[in-house]
Amino acid sequence: MTAPRSALSPFVRRVLIAVSRVPPGRAATYGDIARIAGRPRAARAVGRIMSTAAKPGLPYHRIVAAGGRIGGYGGRIQMKIALLVAEGLTVRRGRIVKFEDVRWKGK
DNA sequence: CGCCTGACCGAAT
DNA sequence: TATTCGGCCAGGC
């Protein structure tokens with residue numbers, strides 16, 4: 001039988017794929033992911049996808065809010081920060097230092 | 001269908 | 001720097 005294709009919409013799948021492509025030590029914004037997934041203005045939907053359709057194994061902690069601000073992580077912000085720091089990033093006052101240097105814009 | 005909510009964004013105040 | 005506000009998109013009711 002055809003693989004039980006997930007009930008996930010094409011957009012959601014593209015978002016999950018984009019997230020899986022963000023390399024360690026780097027980070028992308030919700031807006032970046034939305035753009036890569038083909039919906040430049042769906043940043044909000046992207047955030048909702050992560051909290052609702054989150055799948056294990058994907059580096060969701062590398063997805064942050066605009067300007068390098070941390071954003072959310074299911075209420076576990078501290079853990080998100082810890083994960084980012086463990087990958088070599090520096091977080092200062094809720095923001096990634098020199099975010100533009102580690103920002104992953106796809107490619 | 002309409003209304004509300006969010007791990008958002010960005011400009012204005 | 002903090003707060004507010006309008007716009008944006010998908011999903012649940």
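Reminder, nothing fancy here: chain letters follow the sequence lines and each chain counts from 1.
Judged by distance alone, with hydrogens and angles left aside, the side-chain atoms of A:Arg62 form a donor-acceptor pair with the main-chain N or O of A:Val22 at under 3.5 Å. The backbone N or O of A:Ile49 lies less than 3.5 Å from no partner atom in the side chain of A:Thr52, so there is not a single donor-acceptor pair.
Two residues, A:Val12 and A:Arg44, neighbour DNA chain C, and the one matched to the more 5' nucleotide by heavy-atom proximity is A:Arg44. Residue order along DNA chain B, read from the 5' end via each residue's closest nucleotide, puts A:Gly74 first among A:Gly67 and A:Gly74.
Other residues, nucleotides and ligands place more than 12 heavy atoms under 6.0 Å from the CZ atom of A:Arg26. With a 6.0 Å radius and a threshold of 12 heavy atoms from other residues, nucleotides or ligands, A:Arg103 has its CZ atom above the threshold.
Counting 5' to 3', DNA chain C first comes under 4.0 angstrom of a heavy atom of chain A and last does so at the ends given by C:dT1 to C:dG11.
The shortest non-hydrogen separation linking A:Val19 to A:Pro59 is O-CG, 3.4 Å. In this structure, A:Ala54 and A:Tyr60 approach most closely via the heavy-atom pair CA-OH, 3.6 Å.
The shortest side-chain heavy-atom distance between A:Arg69 and A:Phe99 does not fall under the 4.5 Å cut-off.
Of the C1' atoms belonging to B:dC1 and C:dC13, the separation is 12 Å, rounded to the nearest Å. Remark: the separation of the C1' atoms in C:dC8 and B:dG6 is 12 Å, to the nearest Å.
The residue A:Arg93 sits close only to the backbone: its heavy atoms come under 4.0 Å of sugar-phosphate atoms, none of a base.
The distance from the CG atom of A:Leu16 to the CE atom of A:Met50 is 8.0 Å, given to the nearest 0.5 Å.
Summarising the geometry, the separation between CD1 on A:Ile33 and P on B:dG6 is reported as 22 Å, rounded to the nearest angstrom. When the C1' atom of B:dC9 is taken as reference, atom CD1 of A:Ile63 falls 16 Å away, rounded to whole Å. Distance A:Ile77 CD1 to B:dC8 C1': 14 Å, rounded to the nearest Å.
Put simply, the side chain of A:Tyr73 and the base of B:dA7 share no donor and acceptor less than 3.5 Å apart.
Within residues 45-54 of chain A, the residues that place at least one heavy atom under 4.0 Å from DNA chain C are, in residue-number order, A:Ala45, A:Arg48.
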Identify every side-chain donor-acceptor pair in residues 75-86 of chain A under 3.5 Å, counting partners at least two apart or on other chains, and give the distances.
| unit_1 | atom_1 | unit_2 | atom_2 | d |
| --- | --- | --- | --- | --- |
| A:Lys80 | NZ | A:Tyr30 | OH | 3.4 |
| A:Lys80 | NZ | A:Ile63 | O | 2.8 |
| A:Lys80 | NZ | A:Ile70 | O | 2.8 |
| A:Lys80 | NZ | A:Gly72 | O | 2.9 |

